[in-house]
Structures are given as structure tokens and as C-alpha cells.
Amino acid sequence: MRKGKFLIILVAAMVLALGVAMLYSGCGEEKTEEKEAGAKEGGTFNYCLNAEPVSLDPAQLQESEGIAVGKALYDGLMDNDPDTMELVPAMAESFETNEDATVFTFKLKEGVLFHNGRECTAEDFVYSWNRVCDPATASEVAYHLAPVKGFDEMQAGEATELEGVKALDDYTLEVTLSYPYADFVYHTAHPVTSPIPKEVVEEVGSENFNENPVGTGPFMFDSWTHEQQVVTSKFEDYYGEPAFLDSVVYKIYMEEETAYQDFKAGTLHDCQIPQGQFAAAEAEFGDHALFVPMMGIYYYGLNVTAEPWKDNKELRQALNYAVDRQTLCDVVMEGQRLPAEGIVPPSIPGYQEGASDYTYDIDKAKELLAEAGYPDGQGLPALTLGYNTGGGHEDPAQFIQGNLTELGLNVTLEGYEWGSYLDLIQAGQVTFFRMGWLTDYPIMDNFLYPLFQSASVDNFTMYNNPEVDAMLEEARSTADEDERLELYREAERIILEESPIVPLMYYKTSRVYANNVGGYIRTADDLSPMERVYFIEE
Amino acid sequence: MRLPDHGGPEDLMPGKEQPDLLGPEIEEFELELEKEQIHGRTALWSDVWYRLRHNKLAIVGIVIIIVLFLVAIFAPLLATHDPLYSPLYDSTVSSAEKAGAVKQTPNSEHWLGTDQLGRDIYSRLVHGSRVSVEVGIVAVLISLLIGLLFGALAGYFGGWGDSVIMRSADIFFAFPTVLGAIVIMTVLGPGLINVFIAIGVLGWATIARIFRSSILSVKENEYVEAARAMGASHARIIWKHIMPNSIQPIIVYATMGVGGAILAEAWLAFLGLGQQLPAPSWGNMLSEYLVYYTTDPWMMFIPGTAIVLSVLAFILLGDGLRDALDPRLKGSV
Amino acid sequence: MLIFILRRLYQTVIVVIGVVLLLSFMMTIIPGDVAQMRAPKGATEEMLQNIREKFHLDKPFFSRFWIYLKGLPTFDLGDSFTYKRPVMDIIREGLPWSIKLAIVAEIIIIILGILAGVISSVSRYSFWDVLVTITTTILVAMPIYWIGRLLQLFFSQWLSWLPAAGAPPPGTAFFTGLKYYIMPAVALAAISTAYVARMQRSSMLEVMRQDYIQTARAKGLSNRRVTYKHGLKNGLIPVVTYIGIDFGVLIGAAVLTEIIFNWPGIGHKVYNAVLQRDHTMVIGTVFVLVLIFVFINLLVDISYAFLDPRIRLGGGQEVT
């Protein structure tokens, strides 16, 4: 990095760090919610899960079901504001960043208790983070801590402790990263980084912690009847505002359709709305049907190293003008998706409207197709459009095929089963493929870096642009938020112009909740904080 | 072909291993069979047809099957629309029209309404009949090919080959059918050809068993001994003497198997392992419309009824054939 | 007799090993990288290799099969790739649900199937007979998942009588809990009920033609008495055999039913396991299912051999 620029960044980072620290200190108490009239304490909420959680051990929380329960059992240093997804402190009182965004110092709240009654201190974070990264734990989500110094050594079995995590005293935690990464604080809002008590892990054995989870969250674990339900109850000594509900029962369903029936019958207090019934649900449940834009993008990817996409930007752009996103979202998806003309969805700080000018314009598409060397599709070999079966991707796939046929292309569909799908894409056997991307954190980096950085494993389009790579690296080490976001926005525009993907839709949540329930919201990461929920007297 | 989720009673009854028709106790019938060898087969088959004609349910089955085949053959003529066309894809259609084009209830333009993508359900149904007919016939032919070959080898030659084949049949037989199909389909990948193979391969064991038992009961007969004494080749003996007298239970089973294969296509489609979209098949249609079973329940009844009627037809015909081939039941009428 | 049992036992073992071998082989050639599916985002080749080693995926097929086979006699089925718990634990949780559902289905099959069969055979070619014939044929001809959806539509969505799906939650009273069983059991029982009705009908008709029935009639016994005393009793034998064997089939056959009704049995577990490439889970579950199936068959065979000595002479050889 050049010296001059470094100095600017340094100053900017100091200013920012100071500002952030001031902003975050002492704003933890304003959590009191306005409750509706008739609200009452207590009650059991039956929450719908659409699969059995894989695990309740924070070191193994990965799929939405596990995280839904995990969020109730565990708290971390930071949290995302459920309404805006902005970062707010949880167990941390405040935090400070050093000048180049490599060292983060968290000041912890005092008197935070584990469910077993012991106070949680900085040492518990050190222990828990080490445990997540220990190869013996075999965590599949340890990557959340990958930026922490010593992570690679830990994973390789060369170290037994993360070099970058230290408890300076009981209430001060210092985290050192191996590279500058200002957005790292967002990682500490993920439940994988939550502290758990060492004595419980040692008592039950690390592998069985999954069945006996103890955390610092607003709800305590009671029981887990596999394939049926997870029962949790209110933690009275919660450090924050205690929950209104007495208990939350997470009911496990394998099928959305049947869960929805049970919701209507009153057995469940919330559930997913099955595909095909969004419009009907909106009509029936009004504002209790929650369609909130999520942190994810649904797109078709083009393998830019394979024919015919290789070195043919016009052809790729033609596809982007040929798909009718509005009809897809409004009619086929019954308004349950938002048309996507960019990569980063509106729920993410830094979102830019009009990141591209891809609208439905069949004439423009035909023009570009001719420019690409295939007037009216002549000379273009038959295309195979791949998608994975069983996830409701059939209708969008058929619709896109219809759009492209209208453009004059010869397209066949090929449905694959998820188990072999990713392999085929990576092996270059499927070069035009459906893909979705849901992010772990509400940051632009999490969309652009994994999908388009040339060395990233999730870069299925094999997109490789040194200019974009440099821009993304620079953004990561830019501490100034505005400057950083501007870099990401610029990278997004470049990528879209080059068209390695056909962005289609932004996901929306599709959740309904019962009439006698208040305080229920759905966040952009498709969760509902249970501590805010209460029943209403009828 | 075993029906999904269950084996038929024929497969599972120890007491029924020897099909009634050729049970050792029916001596008169065996005599009759021997006569057939001398007088030719026409007499018996005309008897069968005579009996079949008087079975009302079997006639219903035959009529449905004829209609099914006619629809499949003349599908392009019968269809009123392109089964793949949807106004949603059409750049000349206004967005207001697009919004109203989906899930229309039956009307004069769309006789059976439109589906979730605005396509004509009637035309898709008519074209989908082809898939059902193809699956039924091809899958059963595959089962027959494998089953008859192995059944004949096992039954006719006996010995260790018999043991190996029958143990393999046991293994296929003990395997839960639905799971077997799922595993085979995940190995092969979705697509119509693979549907043929999966259903076909899973059906061979039962056919081999039935055929083997039939052969066992026929091969000790005097006319077979006589042919053997006269120096006829194995192939000739099997083909000329054993086959005609052992094939009847297979015919019954295969007829019903066509129905079973049509049904199997439907549940493979439900699991996302069937015919590739957007080509219509009844299984695809049923599983697509099941999504709307609370909001638009009428949709699922269209492909559902088509599937039930055609499977029903093959079962009725199979039943009728069994009765017609079994003179004892005839005698007791 | 002992030799017969030993021979059947030996055949059973071969079938079980054969199923495991066949399945292991098919799981091996299924496309999809097991390690890749379980690897974290951004996993390195090294991490993938670790996962492969952990699941023995780096070893050649036969040595993997041998490792697996050694565990079978003690029901050590290995750990599930996805749930990271012993497969046997997961089966132990799911199997009772599958068995309970199969029992309720079996009760429905016995009551409805036999009743319908008797009615139609007693009044042959009457309205009732035709009705039974047609209904049973339609049931056999219906895709089971459609039956399930129709039941849900009528009894849950429109009439709100029964819960749409799921098993009774822990602590539910017996009769309230029974409500959860009705629809999945009916769907599961549909096809077998139809078969039993048809079999009962033809088997009773056959018995009624036998000489001793004619004799009984000639002796002046009332028609009713002949029908129920002799006809029903003897006509039941093959049906009861079928029902016995069908029980083993029902437990393993409920994949589609369990998916639709969200039943916590092992049917949909194993389906998901195939999709997740969870080799140990698929093979372990199918192993247990096949074991139950062949064991029930064996019991039926042996009791048959006791009842009918002719079978011991070889007639039963091709029966599994």
C-alpha cells in the first residue's frame, strides 16, 4: 500500500473509531418496546421450524433453523437491530478499533449471567472462540472467525489457541485480525461467536453440548425431542430486557404446506407461507403476513470461461435485457420477490438504486444479440439452463426459458438434484445456472467478495477482473465507511456492466403470525426475535 | 412392476408362489394345455377373449385404454394450444393481461383453464398422455426383458445359476421400492429415459419369480420330456413348449404393471425426479398443481383424474385377463 | 424342520448382506462430492481431505464396505454425516413412530379390508360387490401423495376435524393423540386395504367351492353358518399371511406418506439422507428396514412350515 494513502486511512480510521466508540457506549438501555393495549406477560409461543436443526451448539450453527433457536439461547458481543439491521451492542458495552482496523477492543457489560447462574467474562469468549476454531470441534462454520489472527494455524492443528483473542481483564476483550477488515464487528453479531460456559462443556462432553446447550440469551434450553420440537423457557436473570413469553416451543415441520395447515388451525403461532399462496395469505392475514426484503439475491450465473459466454459481453448483456423481472416477481412469484437490477439488495447499508440499467427491453436485447454475432439467435448453439429441483425453482426456470425463447434462443431446461448440482457447476458442466446467495452479515462485502473475487470458492461464474479484485481489497482495508461503501458500489457497477450474472430477484420473507400475537417482526435475515413477542388479551 | 409403497399380494403370498392357473391340482386344465400343443393355441385365446368380452369392468378398462392410446397418438391434432406457450413470455402482451392469464378456471378459450404460468391445461394434458403411455410400455418392456431372461434361466436350468438369480431377486425384492427408485434416479439423474430405466429395473425380480415358478410346473410335463427326448434344443423347448404355457400369469402381471409404471412416473415427478420441464407429463402437472391445493383445488383434479383413470383401466383389464385365463373361476360363475 | 429354519436363516443373511452391498455400491457411484457438501464456505482442499478421511471416503470401496460390515452385527452403524450423531440413535428415535403408524394402518387394513372382502364375496355381483371392487381399484390407482392431499383438504382445511400433519406432541392425551394418526394411517393403509379386500373376496369364493363346504351344506348346515364358520375361517388364512408380511412393508414403505404428513418416522429421514448424500444414514436405515422385512417374512414362513409340512419339502424355497 502506498504511504500517502495509508496516512489518510489512518487518520480516517482514528476519527471513525472514536466516533463509533462514542456512539455505541451507553445506548444499550433503550430497548424498552411500546406495547399494544391488552398485552400480557407469559404464555407459550409455538414457533414453526421447517426442518430439524442440525445442531444447537454455537460452533455448529449454520442453517436457518439452528440459527433461529440459537439466537434465542445465545447472545454475542454485538447484535443487529432487528428493524434496520444496523449494528448495536449486546453483551459488549462498547468497542474501539485501532487506526488500521486490525485490532478491536470490546468492553463487556458487567453482571451478564449464563443460564447456569455464573457470570460471563472475557475469558469465556476466549474459550468459546478457541473451541469453535479447534479442529477437534469439527465446526463447519468456523469461517466466521477466519479473519482473526492465528485462525489458519489453529485449523491446521499447529496452535491450540487463537493468537488474536485475549482477555485483558474480566471485562475487556482484545481481538487482533490478520488483515485489515473494518466490517469484522458484524461477525461478532453472529451466534457462532457467542460465549458458552467451559464447565458445562467439560461436564457433558464437547460433542454433547449440542443436546445440553447453555448460553446467555433471553431463553433457556429445556428439551429437544428430535424431529418434533425444541422447548425453551424464559431466562429470568437475562441481562437485557427479559422476555414477555414464558416459553417458546420450536415445532419441527418437514413440509411448509402442513405447517401452514396447522397454523390456520391454531396449533402454531407463526409459520412460512407456502409458495403459491402468498396472494391468498396476504388477503387473509393482512399485515400479519410479513414480506420483508431479505439479505439475499436470486440469480442466473454464466460461466464466463465457457462457450458461448466467454469473451462475449454483448451476449451476456442481451440476456439481462431479455428477462422480464417485473412479471416474474409480480405474477409468477405472486409479488413475493422484488425485481433485482443490481446485486446488493435494498436491506443492506450502502445499497444503490439503479446499479444497472437492465430493464425488460426485448428490442435492445435483440440489438445486443446481433452485435454479439448471433442475429435473431442464428448460429448460437442450443443452451441448457440448469436449476436444482425441489426448491420451487421450477416456475422461474420455465419463465426464464420462455423469455429467452421469445428472444430467439434455443433453450432447454435441466433440473438437477442439489447434491450433485454444485459439483457440476464447479466442474464447468453446467454453464448457465440458477443460484441463490443469502449472506451471513448485512454488509456489501458479503455479496461482492465471495461471488466475484477471482480466488473465492463461491465464485461460480469464474469471473476474474483484476480491477475489481483490487477494488474489493482496498474497500476491506478502508476504515472510512462512506469511502468504503463507495468503493463497493463502484465494484458492483463494474461487475453488472460486464454481466457475469443475470440478477433476477431479491428474496423476501414470507411469514405469517397469529392474531393474538404482538411485537412480532421478521428481520432481513429471516428471523424473529422472540424476546420482543407477547400475547394480546382477547 | 410393484406398485409404489407396496408389493402386490401376488408377490408376497407364500401360498401363491405357484400361480393358481398352473397349480398341480388342476389336472384337467393341464390336459387341456396339452391338447393345445396339438391343436394349436387359437382355441384357448378365443376362449379367453370370449370370457373377457362378458366382463363389463374389463370392457370399461379396454375402452379407456383405447381412448388413452388414441389421445396419445393424435395429441397434436387434439390440442387447442401450444402446450408450452404462455402469454407471460410474450413481449406483445400487456402486463395487465399477463396478471390475469394465470390460474384461470375453465372457460371457452381454455377448456380446462390455465396453469400457474398461464399455459393451457387441456393441451398440456393431451400432450402429457404420451409420457404416460411411453413410461408404461417401455418400463414394462424393460422389466419383462430382464425378468423373463433370468426367470427362464433360473427355472429351466436350475442349479447354482438358479440360486444366484433367485437370491438376487430376493435382494431386489427386500429393497423398499420407493427408496430404490429414489436411489437409482439420483444415480442416473432426472429425465424420461432414466425414469424408464429406474421403473423397469425395479420390476424385474417379480417377473423372474413368477416366470420361474411357471416354468418349474410346466417343464416336468410329458410333452416337454417328449420334445427333449426328440433332441430339440433348449432354446426351442423354451420358446415353443414352455413359453406359451408359462406366459399367461406374466401377461396378467405385465398388464397391471403398465398401470404401476404410470403411477410410478407420478410419484417420481412429485419427488422432482421425473420428466424434465417444461414438457408436460401428468406426474409433473399433478405435483405442480398440488401446490395450490388449498387456493385452487380444482387444478389437481385434472391430471389426478387422468392418472387414476388410466391406471384403473390397466388394473381392470389385468383383473379381467386373470379371470378369463382362470377357468375355475369361470366354472363357478 | 431345523434344517429348513437354518436354510431360511442363511438365505436371509445373504439377502441382508446383498442389500447392504448393492446400496453401498449405489451410494458410491451417486454423483456429488460428500466432502464438498459438508465443507464450510471457502474450504481449502486440505479441509476437504480431512472430511473425507473422517468419513473413510478416501478408502477404496471394499475396505469401506468391510469397515461397515464389521459394525452391522452389533448395530454399530456409524455416525450420520449430517446429524453427526450415531445413525442408530436417529433410527431409535424414528422407528417407534414408523411402527406405531404401521400398527394403526394395519388395524384399518384388517377391519376395513376384511369387512369389504366378506361383504362382496357373500353378495357376489350385488351393488355392494361392485362398489367394493370399484373403490378398491380406484384406491390402488391413486398416487398416494394425492390421497394424502385430498384427506388434508377435506378433513383439515374444509372441515377442521383433524390436525393437518405431524405427530402428537409429547404429553398429549391418548385420544387427542389418536387424531394425529388417522389421516396418515388411512393414506398408508389405502392400497393394502384394497388388496386385502380383493384377496379376501377371491379367497373366500375359492374356499366356498371346496368339497368340504359342499359337504357341510349337504349335511344341512344353514347357509349363514357355512359361510361364516367355514368360509370365513379358511378364507382368512392367505389374507392373514399377507397382512403379516405387509406389516414389514408398511414400515419401510411410508416414505411418501411420512413426507406429506410430516411424520417423524424413518421414511422421510432416509429420503433426506439420499438427497444429502449421507451414506451411513441411508445404508443404516435401509439395513434396519430390510432386517425387519426379512425377519417378519421368516416368521411367517416358519409358522407356515409348521402348519403345512409340504412347504418344507421345497415349495417354500423361493419365498423370501
Side-chain angles (χ1 to χ4, degrees), chain B residues 3-9 12-18 20 57 166-179 182-184 186-187 189 209 212-213 216 259 263 266-267 270-271 283 286-287 290 293-294 297 300 304 307-316 319 328-329 331-332, chain C residues 11 14-16 18-19 22-23 26-27 29-31 133-134 137-138 140-146 149 152-153 157 188 191-192 195-196 198-199 205 209 237-238 241-242 245-246 249-250 252-257 270-271 274-275 282 286 289-290 293-294 300-301 304 311 315-316 318-320:
Chain B
L3 290 161
D5 272 25
H6 296 266
L12 294 163
M13 285 221 7
K16 279 219 167 180
E17 267 303 306
Q18 309 232 321
D20 297 342
L57 288 176
M166 281 302 109
R167 287 297 82 72
S168 319
D170 287 349
I171 290 168
F172 268 83
F173 196 70
F175 212 98
T177 316
V178 179
L179 276 178
I182 293 170
V183 174
I184 295 178
T186 35
V187 170
R209 282 174 163 210
R212 175 180 173 272
S213 322
L216 283 182
L263 212 45
W267 53 257
F270 176 69
L271 298 171
L286 182 58
S287 57
L290 274 185
Y293 85 106
T294 52
M300 67 179 179
I307 293 171
V308 171
L309 276 183
S310 28
V311 179
L312 184 84
F314 284 100
I315 296 175
L316 291 177
D319 269 353
R328 288 179 308 158
L329 275 176
S332 64
Chain C
Q11 286 169 355
I14 290 196
V15 166
V16 172
V19 167
L22 187 70
L23 198 60
M26 292 211 278
M27 290 308 288
I29 58 172
I30 275 186
T133 310
I134 291 177
T137 322
I138 289 178
V140 175
M142 274 177 91
I144 193 163
Y145 59 90
W146 193 35
R149 280 282 181 267
Q152 286 173 329
L153 182 64
Q157 169 85 3
L188 184 59
I191 294 174
S192 295
Y195 275 135
V196 165
R198 290 153 68 99
M199 266 175 78
L205 287 176
R209 276 191 318 106
I237 294 173
T241 315
Y242 171 67
I245 293 173
D246 193 43
V249 178
L250 283 182
V255 178
L256 293 168
T257 314
V270 70
Y271 168 64
V274 175
L275 298 187
V282 174
V286 174
L289 285 177
V290 169
F293 177 77
V294 291
V300 171
D301 272 7
Y304 234 69
I311 288 173
E318 57 269 28
V319 180
T320 310

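Here is how names work: the chains are called A, B, and so on, in the same order as the sequence lines, proteins then strands, and each is numbered from 1. Source: prediction; values computed, not measured.
Only the side chain of B:L286 comes within less than 4.5 Å of a heavy atom in chain C; its backbone stays farther off. With a threshold of 4.5 angstrom between heavy atoms, C:V274 approaches chain B through side-chain atoms but not through N, CA, C or O. If you measure heavy-atom distances from C:L22 to chain B, the contacts under 4.5 Å come from the side chain alone.
Ranked by non-hydrogen atom pairs under 4.5 Å with chain B, the options C:T133, C:V16, C:L23 are led by C:L23. Among the candidates B:V183, B:I184, B:L271, the residue making the largest number of heavy-atom pairs closer than 4.5 Å to chain C is B:L271. Each of B:L57, B:T186, B:I307 has some count of heavy-atom pairs under 4.5 Å with chain C, and the biggest count is that of B:T186. Ranked by heavy-atom pairs under 4.5 Å with chain B, the first of C:T137, C:V270, C:V282 is C:T137. With chain C as partner, the option from B:A266, B:S310, B:P297 having the largest number of non-hydrogen pairs under 4.5 angstrom is B:A266.
With sequence neighbours excluded, the residues that form a side chain to side chain donor-acceptor pair (under 3.5 Å) with B:Y293 are A:Q261. Under the side chain to side chain donor-acceptor pair (under 3.5 Å) criterion, B:S168 pairs with no residue, sequence neighbours left out.
Between C:Y242 and C:Y195, the ring planes are perpendicular. Angles over 60° get that label, and only those under 30° would be called parallel.
Nearest heavy-atom pair across C:M26 and B:V187 is O-CG2, 3.6 Å. Looking at every heavy atom in both residues, C:I144 comes nearest to C:L188 through CD1-CA, 4.3 Å. Smallest separation of non-hydrogen atoms from C:V255 and B:I182: CG1-CD1, 4.4 Å.
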